[in-house]
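Data first, discussion second: the structure below is written as structure tokens.
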Amino acid sequence: MLEGRPAGAPRALPVPAARCCRAACLALLAFGASARAADWEASLDMRLLYSDAYRSFMDGGIGTTRFDRNDTGLRLGRARLAFSAPLGELWSMHFDASAWDDKDRSPVGVTEAYLQFRPYPFSGYRLRIKAGAFYPPVSLENRAAGWESPYTLSYSAINTWLGVEVRTLGVEAQLDWLGRRTGHSFDLSATGGAFGWNEGAGVVVASDGFMLHDRQTPVFGRVGQPGAALLNGVGPFLEFDGHVGAYAGLEARYLDRVVLRVLRYENRADPTVVDFVSGAIAWDTRFSSAGLRVESETGWTGIVQWLGGETAIAPGGQLSSWPFRAEFALLSKRFGRHTLSARYDHFRVDSNSPPPDFEPYGRQRGQAFTAAWLFEASSHWRFALEWLAVRSHSYNRPENLQGPPLATETQIQLAVRYALGSGL
Amino acid sequence: MRPPARVHRGVPGTRQLAAALLLAALTRVGPALAATLVISVQSPDGHALAGAVVTARPLDGPGKRPPPVRAIVDQVDRAFAPDLLVIPVGSTVEFPNSDSVSHQIYSFSPTKRFKLPLYRGKPYPPVQFDQAGVVTLGCNIHDDMLAYLVVTDAPYFGRTDKSGAWVAEVPRGRYRVSIWHPRMRDAETDLERELTVGDADHAVLTLHLAKALLPAPITYRPHSWDY
């Protein structure tokens with residue numbers, strides 16, 4: 001990665017920072033070169049909110065929502081800048097940066113930045129290759145720009161976790177069979193990805209359990225503040241064991257109505273490895289996911305998704321593992337520019353601690369109810385109201401000196417978003 | 001065994017037919033031997049099917065070839081406009097881009113394979129269609145964009161109106177009539193019919209689809225979502 005640096009020359013920046021700078025320079029060069037054809041979008045999302053939740057994960061707590069009882073009032077939801085530009089006819093670049101106002105490493109973080117190779121379809125088949133940082137194809141909910149959900153402000157427990165800890169930093173190839181363009185009523189596709197920088201993924205679900213919010217960890221960003229228990233400002237995007245992770249997925253679509261998606265993901269980290277520089281432990285994380293989305297011409301959308309897996313560490317050879325599982329069902333109805341949605345989430349994290357303590361550190365059981373109204377007043381303005389209640393039993397909550405094991409947390413958000421862009 | 005498409009010959013006595021015949025009588029400019037051909041297309045539940053492509057080919061001779069046209073398929077709000085166009089063989093189609101975003105349109109249909117990047121504000125030369133058949137259009141950037149060009153060598157062609165009818169002035173004689181719709185599930189050959197335009201002023205044929213159409217594309221979904 002630092003091939004341009006003479007041997008022995010001092011590193012001016014930590015590796016992730018240098019990598020980010022390089023990516024940003026490349027992005028700006030590409031943007032400048034093809035600014036006329038580039039598509040861009042900028043948005044500002046402000047929230048007026050009430051919350052009675054325990055301390056947020058970003059402040060060292062294990063509250064299950066993004067905002068806690070100290071955040072009641074006016075807050076920044078997200079400030080976002082995204083652009084994509086063609087690089088010649090078959091290549092394109094995509095860049096998505098956001099500010100969350102939560103004292104991460106830098107005020108602005110990159111959530112996705114990648115190059116895409118997109119040749120024209122041939123005889124009903126099509127290839128797509130992505131390289132960079134991007135989401136693997138798991139979510140059926142986060143389908144709007146910026147990996148946001150067009151149904152609710154807070155994502156489901158599954159997709160919240162993916163946004164916090166999972167990102168492909170590597171390459172992905174997708175082969176599509178375009179049945180709808182060859183006289184059939186369905187399309188099929190197969191995806192495979194290989195990635196690095198994911199040894200940290202798993203620490204958040206094992207420590208805090210599942211949460212429901214919309215804060216995506218920027219690439220090479222961190223979760224929480226350094227020095228603040230439990231997470232101590234961990235970064236999911238670390239590479240120190242030299243293992244390449246992989247995933248494979250299949251997707252079937254019936255017309256533009258039904259999508260069925262399955263994925264198997266393994267970061268293939270070596271759980272015995274500890275990074276001597278940062279002290280970080282490699283989390284061996286693997287999961288499977290399956291989801292179904294059905295839409296009707298009358299404006300109804302139904303989504304069900306399941307995700308089940310396990311994360312494990314074994315520093316010094318002593319294995320601890322945390323099997324986890326989450327499901328949700330979402331029902332949404334669109335009335336013109338209005339969307340009403342309701343979602344039920346269920347999630348659990350188990351803990352297999354080694355002797356001698358056998359303490360079920362990290363064990364969590366929970367369910368959540370979300371109701372949201374979204375109003376797209378124009379292509380620029382969006383208003384939203386969301387009520388979210390999470391009832392969970394957490395072994396870590398008393399230990400974290402925050403409250404009883406069983407608690408209900410409620411968060412109500414009123415959001416106003418203004419967006420500008422070349423396509424709006 | 002699927003039920004065959006039913007064919008009615010003669011006068012069904014509908015108001016649409018009366019209107020069509022009146023229109024045909026008022027606008028009659030063809031040769032003395034011409035008569036009015038009325039093709040009605042109905043869904044299995046008996047409702048009029050608008051937008052179906054109808055072609056009529058004379059069986060007694062080659063018939064006149066329709067002159068090529070210059071047509072336009074625009075890109076408006078991340079959709080093809082129109083999303084279905086019938087053109088004679090040899091016609092050209094221009095693909096402007098009225099959107100503020102770029103498109104890369106393509107067809108890999110055997111009838112005509114082409115690819116065309118449509119960046120903002122740049123004109124591109126029209127595409128010529130020299131072979132009869134259906135061309136499926138897509139965009140390599142926006143997967144939900146879908147449109148069809150029906151390139152035909154039939155002398156008489158058109159699309160059914162809101163009442164499900166297509167009306168044409170044709171010389172008397174025998175014809176093979178075909179219909180096509182992008183969401184039709186019946187085989188095209190199952191809906192081919194022969195009929196004679198005889199001594200009467202008009203000939204009427206009503207075709208019933210045996211199977212319901214596939215559902216129409218969802219229109220309320222913002223184009224910025226993945227589809």
Side-chain angles (χ1 to χ4, degrees), chain A residues 34 36-41 84-86 88-90 92 116 118-126 128 137 139-140 142-150 176 178 180-183 185 187 253-257 259 293 295-299 301 334-337 339 376 379 419 421-424, chain B residues 75 77-79 97-111 113-122 124 133-148 180 182-185 187-188 211-227:
Chain A
S34 53
R36 276 194 311 178
D39 297 323
W40 63 275
E41 193 176 313
S84 58
E89 197 174 331
L90 302 184
S92 60
Q116 189 176 37
R118 191 169 46 196
Y120 284 92
F122 180 77
S123 295
Y125 289 92
R126 183 177 63 187
R128 295 265 196 261
S139 179
L140 293 167
N142 299 57
R143 59 191 305 199
W147 208 71
E148 288 191 355
S149 166
D176 299 322
L178 304 174
R180 285 182 68 203
R181 282 165 170 75
T182 49
S185 52
D187 299 320
R253 291 173 180 266
Y254 170 72
L255 299 177
D256 58 350
R257 300 301 178 94
V259 183
R293 183 176 67 212
E295 291 172 272
S296 82
E297 60 195 351
T298 50
T301 300
R334 196 171 171 94
F335 303 90
R337 294 175 173 273
T339 306
E376 305 268 352
S379 61
S422 56
L424 300 180
Chain B
Q75 328 296 306
D77 197 17
R78 299 184 213 198
N97 180 4
S98 297
D99 270 346
S100 57
V101 297
S102 307
H103 296 291
Q104 291 181 349
I105 61 168
Y106 66 81
S107 155
F108 52 77
S109 303
T111 301
R113 295 176 202 271
F114 70 98
K115 49 190 186 181
L116 197 58
L118 300 177
Y119 299 127
R120 281 200 299 274
K122 284 189 185 174
Y124 291 88
V134 176
V135 178
T136 307
L137 299 174
C139 172
N140 197 33
I141 300 174
H142 306 103
D143 275 346
D144 55 343
M145 287 175 64
L146 186 60
Y148 302 90
W180 184 83
R183 294 188 282 115
M184 186 171 89
R185 291 191 300 143
E188 217 178 326
K211 299 175 182 174
L213 291 183
L214 289 169
I218 290 173
T219 52
Y220 61 83
R221 191 163 43 206
H223 296 298
S224 56
W225 300 5
D226 75 8
Y227 84 101

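Reminder, nothing fancy here: chain letters follow the sequence lines and each chain counts from 1.
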Original post:
Is the side chain of B:Arg221 donor-acceptor paired with the backbone N or O of A:Glu295 at a distance under 3.5 Å, no angle test?
Top reply: no
Subject >> Contacting region of B:Ile105 [heavy-atom separation from chain A under 4.5 Å] >> reply: backbone
Subject >> Considering all heavy atoms, the nearest B:Phe108-A:Thr182 contact >> reply: CE1-CG2, 3.4 Å
Subject >> Which portion of B:Pro222 sits near chain A, non-hydrogen atoms under 4.5 angstrom >> reply: side chain
**OP:** Please tell me if the side chains of A:Pro121 and B:Lys115 come closer than 4.5 Å, counting only heavy atoms from C-beta onward.
**Re:** no
Subject >> Heavy-atom closest contact (B:Ser100 atom, A:Ser422 atom, distance) >> reply: OG-O, 2.5 Å
Subject >> Contacting region of A:Tyr125 [heavy-atom separation from chain B under 4.5 Å] >> reply: neither
Original post:
Got a sec, which residues hit ring-ring contact (aromatic ring centres under 6.0 Å, His included) with B:Tyr148, two or more places apart in sequence or on another chain?
Top reply: B:Trp180
Subject >> Contacting region of A:Arg126 [heavy-atom separation from chain B under 4.5 Å] >> reply: side chain
Original post:
Within the distance-only criterion (no hydrogens, no angle test), does the side chain of A:Asp39 pair as donor or acceptor with the backbone N or O of B:Val101 below 3.5 angstrom?
Top reply: no
**OP:** Answer with side chain, backbone, both or neither: which region of B:Arg78 has an atom nearer than 4.5 Å to a non-hydrogen atom of chain A?
**Re:** side chain
Original post:
So how far is it from B:Leu214 CG to A:Leu255 CG, rounded to the nearest 0.5 Å?
Top reply: 5.5 Å
**OP:** For each of B:Asp77, B:Val134, B:Leu137, B:Leu146, tally heavy-atom pairs with chain A at distances under 4.5 Å, and name the one with the top tally.
**Re:** B:Leu146
Original post:
Using non-hydrogen atoms only, which part of B:Arg183 is less than 4.5 Å away from chain A: side chain, backbone, both, or neither?
Top reply: neither
Original post:
For residues B:Tyr106 and A:Arg181, is any side-chain donor paired with an opposing acceptor at under 3.5 Å?
Top reply: yes
Original post:
Which heavy-atom pair separates A:Arg257 from B:Ala216 by the least distance, and what is that distance?
Top reply: NH2-O, 2.6 Å
**OP:** Could you go through the side chain to side chain contact (heavy atoms under 4.5 Å, CB included) check for B:Leu116 and A:Tyr120 one step at a time?
**Re:** CA-CA 10 Å; B:Leu116 197 58; A:Tyr120 284 92; 5.9 Å; no
Subject >> Donor-acceptor contact below 3.5 Å, side chain B:Gln104 vs main chain A:Glu89 >> reply: yes
Original post:
Looking at A:Ala144, A:Ser185, A:Gly299, A:Ala145, which one has more heavy-atom pairs under 4.5 Å with chain B than the rest?
Top reply: A:Gly299
Subject >> Pair B:Asp143 + A:Arg253, salt bridge at N-O below 4.0 Å >> reply: no
**OP:** For atom CZ of A:Phe122, decide whether the heavy atoms of other residues, nucleotides or ligands shown that lie under 6.0 angstrom number more than 12.
**Re:** no
Original post:
If you look at every heavy atom in B:Asn140 and A:Arg118, which pair is closest and at what distance?
Top reply: ND2-O, 2.9 Å
Subject >> Residue A:Ser296 versus chain B: region with a heavy atom under 4.5 Å >> reply: backbone
**OP:** Calculate, to the nearest 0.5 Å, the distance between atoms CD1 and OG1 belonging to B:Ile218 and A:Thr301 respectively.
**Re:** 7.0 Å
